[in-house]
S.K.: 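The structure is given below, and queries will be raised subsequently.
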Amino acid sequence: MATSVHDVPRSASRPRGLAKFFVWSIDHKVIGIQYIAVSLLFFLVGGTLAELIRIELFTPTASLMVDGGAYNTLFTMHGTIMIFLFVVPILAGFGNYLVPLMIGARDMAFPWLNAFAFWMLPPAGLLMLAGWLVGPAQAGWTSYFPLSGPVYSPFDGQTLWAISLHLIGASSILGAINFIVTILNMRTPGMSIWQMPLFCWATLATAIIVLGATPFLAGGLTLMLFDRLAGTSFFSPATGGDPLLWQNVFWFYSHPAVYIMVLPAMGILSEILSVHARKPLFGYKFVAMSSMAIGILGFLVWGHHMFTSLAPWARIPFMITSMAIAVPTGVKIFSWLGTLWGGKIRFTTPMLFGLGFLSMFVLGGITGVFLAAVPVDVHVHDTYFVVAHLHFVLFGGSVLAIMGGIYHWFPKMSGRMYSETLGKIHFALTYVGFFLTFFPMHFLGLEGMPRRIYTYDPKFETLNQLSTIGALIMAVAIVPFLINIVWSIIAGKPAGNNPWRALSLEWMTSSPPIELNFEGTPIPAPDPYGYGTPEGAAYLASEGKLLIAPGSHGHGETPAETKDVSSEHPAAGD
Amino acid sequence: MKSNRIMPFLFVGAVFVVIGVLVGLTARVFPTQGSAEAVSVDSLFNFMLAIAVVVFLIVEGGIIYSIIRFRRRPGDETDGAPIHGNTALEITWTAIPAVIVVVLSILSYQVFVGTQTATDDMLVIKVRGQQFQWSFQYPMPPDPDPAVTEELRAKIQTYMVNADLWVPIGRRVKAEITSQDVLHAFYVPEFRVKQDAIPGRVTETYFTPTQALDAWVLCAELCGVNHAGMSQINKVFVRDQAEYDQFINDLYAKAKSLANDPRAPEVGKELIAQKYPCGTCHVINELGTKGNVGPALNGIGSRAEGHAANGEGLFGGTDAAAYIRGSIVKPNGYLVAGYSGGLMPQNYGDPNVMPEDDLEAIVNYLLTLKDQ
């Protein structure tokens, strides 16, 4: 059943060229790019909102906003859009595009379901934006009760917010099922689970988290909608409900959601660092297992978002579990350092973004330990320290990896090379702008500036102005990025199959890959990170000759002339 | 010579540790240490900071070293060394962070328990959060006056409310916190305390002020349209015991006089100034309030008379008082042109939120506001 894509009829009259991205398609590569493109559009929307936030905060008094409600809408929509309509779906897009290629499959396990999951996203995004037509959500992306309840948020935008997230959550769950089945069942013959690229491990861990956590978001949202529309009272204390119930349910999803946003980005980073440092990934099994450890521990830490509302005794166990997450995170960071060590580092644009991730994410990881310590968190909770922390994790981590990933796989997806010069300008401006925007926020938070305020104590003005200047630099950084993408799609140099001389299977087919991905059944490299090994060099040299003849896909048969390649070399990490 | 290769790294590591210790000993990134808790929290933070600096320097140093030392030289098309891992190293960098977080957990636990300790002679202050202002209710001083009955004392207690937080130096304070509407978070950065105010619950936090101080009570939890304003309205005054006693005695004297005639306009004026957050959304020149969320209340007495004459917005009543009263308890019932519903608290009709005496006093005060 798992390989039945082979039999799915693919009619001859499908649109070609750009048009195919605007219609229903069950090709995972089209769907992947659809995810990525829609997410990037929302990245621009969310980014614009962020710029408006920073412009408002340039001075301590109200400047841009008519009132606090307008400002509350800005950060509510910024957070929601960046998380649910940019980072989560764009990583799903990378997963869609890359996982079947990386494991040598012809498509995802359930191609129709895959398309369906994607097509839930555009209506969800439109519903979210439609909030502005009816009075948008203003209760923050966390939408704590009672503020998000019918009495204090009477506008319909809050209802649309919940419905939109419901759709996105459902899309996410369907995608997760697809990833798990695909990764576990559809690896090409000869690829053991310990030979999968780490991006696949990260996607597998992420999909497991999604499957465990996202139903709680759906449950919470359902109760929220009942409270708002049907007069129930699950979360409103005035009528017997409990606002902390919402916090518990919400964070039981939303903390694991952090790993939904970070683990695939870490997977991207593992690919980039190894390929562009020309060196095997250091400690493959430790890195793969640390994804799983983070995924499991991630379910046990949600209370640290509630250190100022949870009963004092209940804060301690969450402190311990939250601190424990630093251990597998540290394993990853040191393993990436070990990957660089002794390599032949090429400073391509994806590598620069990868190094940017490594150097900035570590700060987000470190501040996470501070936030796990209850007495410290009590002081900095809901201050700009948290804003700094989360952006070092989600921008310094996820977004930099996403940008690196876009450049790394752009040649594969488009068949053309991007401009290194524009790419490097994009990186330099982003890196400097990012640091200038978010580093000063640590000090604002430690000094006691609360988040989510549009007027503030004048003593915070200088650091806020630095931060705003940084944000404007990041806005400028987007320009070379967009020019690069558009220009390179039209006029970039042909990339060839494997411009990075990488070993993983997505590079063992044409760029962009043909329909159903491979001419035959691909044989994976004995080690997807075997750079510097004779086996790796032999595998690269024999590119194209290691494919089984068409028609034998999925039967587990390996012709004699290629069998030796897969059997005589040890698996990765051994 | 393996030791010759490791020595430079050990040396650099030692330098990183020295830098970390120096940063931990000297960093002053917090506001004034206004409480005993601030001292212990800051020490914990600086201890963590020292470790964080070392970890940060190791990682960033490793990246920078690799970028320089292991950069591809022009013309070099070869790969890096095929090193797949080093189990001893991997176990080391799993175990050391594990030990660090265990130590940090234990230290944090000790500090946290210290901040949560109750004592017998604590000063208990009731903190009430409302959109968009805090108010603080203080315990009464003893009163030898035989005319003050238990019943009267209970009444006086309801007026022992001030919009500012006054606390004496050196006395442990227990704040009992609740909210009338949405979530708020009681936050005084100088004390390093923060605790959510949750409607329907009373939460607690403790602190011991250690020096004279003027600061702000902030709201750290998003609470609606004027959340930002809630951090710039209530002050903290830490004073020595004598000054604090003076404040309490003055507050008591005032409360006692208010209790004599609980529905007088002066009572209403005092309640708006100290207890209810009207001024955070409405301009009242006489009280110097600047809120711009709802319509200004200057001249509301005259306007209410106009409404009474026209027979509009009276909520079933007949006079100016009915207009004002109705607008308070059913704010969506009659909307002034240009303002949308749902902005004002909807629960002032609940006597647990606003007792009948307070409501009458406020209506009577607003009726006196005749000039624009």
Side-chain angles (χ1 to χ4, degrees), chain A residues 67-69 140 144 146-147 151-152 154 237 243 277-280 282-283 286 308-309 312 316 319-320 323-324 326-327 330-331 333-334 337 340-346 355 358-359 362-363 366 370 373-376 378-379 381-383 443 446-448 450 452-455 531-533 573, chain B residues 29-31 41 44-45 48 52 55-56 59-60 62-63 66-67 70-72 76 78-85 90 93-94 97-98 101 104-105 108-109 111-112 115-116 182-183 185 187 189 192-196 198-200 218 220-228 231-232 293 342 346:
Chain A
D67 63 24
Y144 279 3
L147 189 61
V151 174
Y152 297 97
R278 307 304 302 170
K279 192 158 165 285
F282 198 94
F286 270 74
T308 62
S309 55
I316 301 303
M319 170 171 82
I320 295 165
M323 289 228 177
V327 177
V331 166
I333 288 174
F334 290 122
L337 259 185
L340 295 178
W341 204 271
K344 297 278 173 78
I345 300 174
R346 287 150 165 78
L355 294 169
L358 195 50
S359 58
V362 64
L363 208 48
I366 287 171
F370 286 89
V374 178
V376 176
V378 163
H379 174 55
H381 195 92
D382 270 323
T383 69
F443 299 99
L446 291 166
E447 277 288 335
R452 297 171 162 179
I453 57 176
Y454 76 120
T455 58
Y531 301 105
T533 63
Chain B
V29 290
F30 283 125
V41 170
L44 174 65
F45 178 88
M48 296 178 76
V55 173
F56 179 77
V59 174
E60 304 294 348
I63 295 171
S66 300
I67 285 174
F70 303 116
R71 71 186 189 280
R72 184 184 73 108
D76 183 355
T78 62
D79 288 349
I83 305 162
H84 283 89
E90 285 159 41
W93 67 43
T94 308
V101 298
L104 291 181
S105 295
S108 301
Y109 175 75
V111 170
F112 182 62
T115 63
Q116 294 289 309
V182 297
L183 300 177
Y187 180 31
R192 315 285 188 270
V193 294
K194 186 182 289 121
Q195 173 60 50
D196 282 14
I198 304 169
L218 311 183
E221 185 67 76
L222 177 63
C223 61
V225 176
N226 201 16
H227 169 55
S231 288
Q232 296 177 68
V293 176
Q346 311 284 311

S.K.: What part of Ile316(A) is in contact with chain B, defined as an atom under 4.5 angstrom from a non-hydrogen atom: side chain, backbone, both or neither?
M.R.: side chain
S.K.: Does this structure show an ion pair linking Asp76(B) with Lys344(A), if we count only N-O contacts that are shorter than 4.0 Å?
M.R.: yes
S.K.: Do you know which of Asn226(B), Thr115(B), Val193(B), Ile198(B) has the most heavy-atom pairs with chain A at a distance under 4.5 angstrom?
M.R.: Ile198(B)
S.K.: Side chain, backbone, both or neither: which part of Ala98(B) has a heavy atom under 4.5 Å from chain A?
M.R.: both
S.K.: Among the options Leu104(B), Ile67(B), Val293(B), pick out the one with the most heavy-atom pairs lying under 4.5 Å from chain A.
M.R.: Ile67(B)
S.K.: With only heavy atoms counted, which part of Glu90(B) is less than 4.5 Å from chain A, the side chain, the backbone, both or neither?
M.R.: both
S.K.: With chain A as the partner, which of Ile83(B), Val111(B), Val41(B) has the greatest number of non-hydrogen pairs under 4.5 Å?
M.R.: Ile83(B)
S.K.: Between Tyr454(A) and His227(B) (judged by ring centroids, cut-off 6.0 Å), do the two rings come close enough to count as a pair?
M.R.: no
S.K.: Between atom CG of Asp382(A) and atom CG of Asp196(B), what is the distance when rounded to the nearest 0.5 Å?
M.R.: 7.0 Å
S.K.: Under a 4.5 Å heavy-atom cut-off, does chain A meet the side chain of Leu183(B), its backbone, both or neither?
M.R.: both
S.K.: Between Pro312(A) and chain B, with a heavy-atom cut-off of 4.5 Å, which part of the residue counts as in contact: side chain, backbone, both or neither?
M.R.: both
S.K.: Please flag which part of Tyr531(A) lies under 4.5 Å from any non-hydrogen atom of chain B: side chain, backbone, both or neither.
M.R.: both
S.K.: With only heavy atoms counted, which part of Glu60(B) is less than 4.5 Å from chain A, the side chain, the backbone, both or neither?
M.R.: side chain
S.K.: Is Ser231(B) close to chain A through its backbone or its side chain, or both, or neither, when contacts mean heavy atoms under 4.5 Å?
M.R.: side chain
S.K.: Examine whether an atom of Val378(A) lies under 4.5 Å from a heavy atom of chain B, and if so say whether it belongs to the side chain, the backbone or both; otherwise answer neither.
M.R.: both
S.K.: So, for Leu44(B) and Val376(A), which heavy atoms are closest and what is the spacing to 0.1 Å?
M.R.: CD2-CG2, 3.9 Å
S.K.: Using non-hydrogen atoms only, which part of Ile333(A) is less than 4.5 Å away from chain B: side chain, backbone, both, or neither?
M.R.: side chain
S.K.: Among Ala373(A), Ser309(A), Pro450(A), Gly330(A), who wins on heavy-atom pairs under 4.5 Å with chain B?
M.R.: Ser309(A)
S.K.: What part of Val59(B) is in contact with chain A, defined as an atom under 4.5 angstrom from a non-hydrogen atom: side chain, backbone, both or neither?
M.R.: both
S.K.: Of the listed residues (Gly224(B), Pro97(B), Ala185(B)), which shares the most heavy-atom pairs with chain A below a 4.5 Å separation?
M.R.: Gly224(B)
S.K.: Just give me the residue among Leu147(A), Ile320(A), Leu340(A), Ile366(A) that pairs up with chain B most often, heavy atom to heavy atom, under 4.5 Å.
M.R.: Leu147(A)
S.K.: Between Ile453(A), Leu358(A), Ile345(A), Thr383(A), which shows the greatest number of heavy-atom pairs under 4.5 Å with chain B?
M.R.: Ile345(A)
S.K.: Considering non-hydrogen atoms only, spot the tightest contact between Thr533(A) and Pro82(B) and give its length.
M.R.: CG2-CB, 3.5 Å
S.K.: Among Trp93(B), Phe112(B), Tyr109(B), which residue has the highest count of heavy-atom pairs closer than 4.5 Å to chain A?
M.R.: Trp93(B)
S.K.: Heavy-atom pairs under 4.5 Å with chain B are the metric here; pick the option from Phe286(A), Phe443(A), Trp341(A) that has the most.
M.R.: Trp341(A)
S.K.: For Phe45(B) and His379(A), I'd like to know if the aromatic rings sit close, meaning centre-to-centre distance below 6.0 Å.
M.R.: no
S.K.: If you count heavy-atom pairs under 4.5 Å with chain B, which of Met323(A), His381(A), Arg452(A), Lys279(A) comes out on top?
M.R.: Met323(A)
S.K.: Looking at Gly200(B), Ala52(B), Gly62(B), Ala81(B), which one has more heavy-atom pairs under 4.5 Å with chain A than the rest?
M.R.: Ala81(B)
S.K.: Which one, Val374(A), Asp67(A), Leu355(A), Val151(A), leads in non-hydrogen pairs under 4.5 Å with chain B?
M.R.: Val374(A)
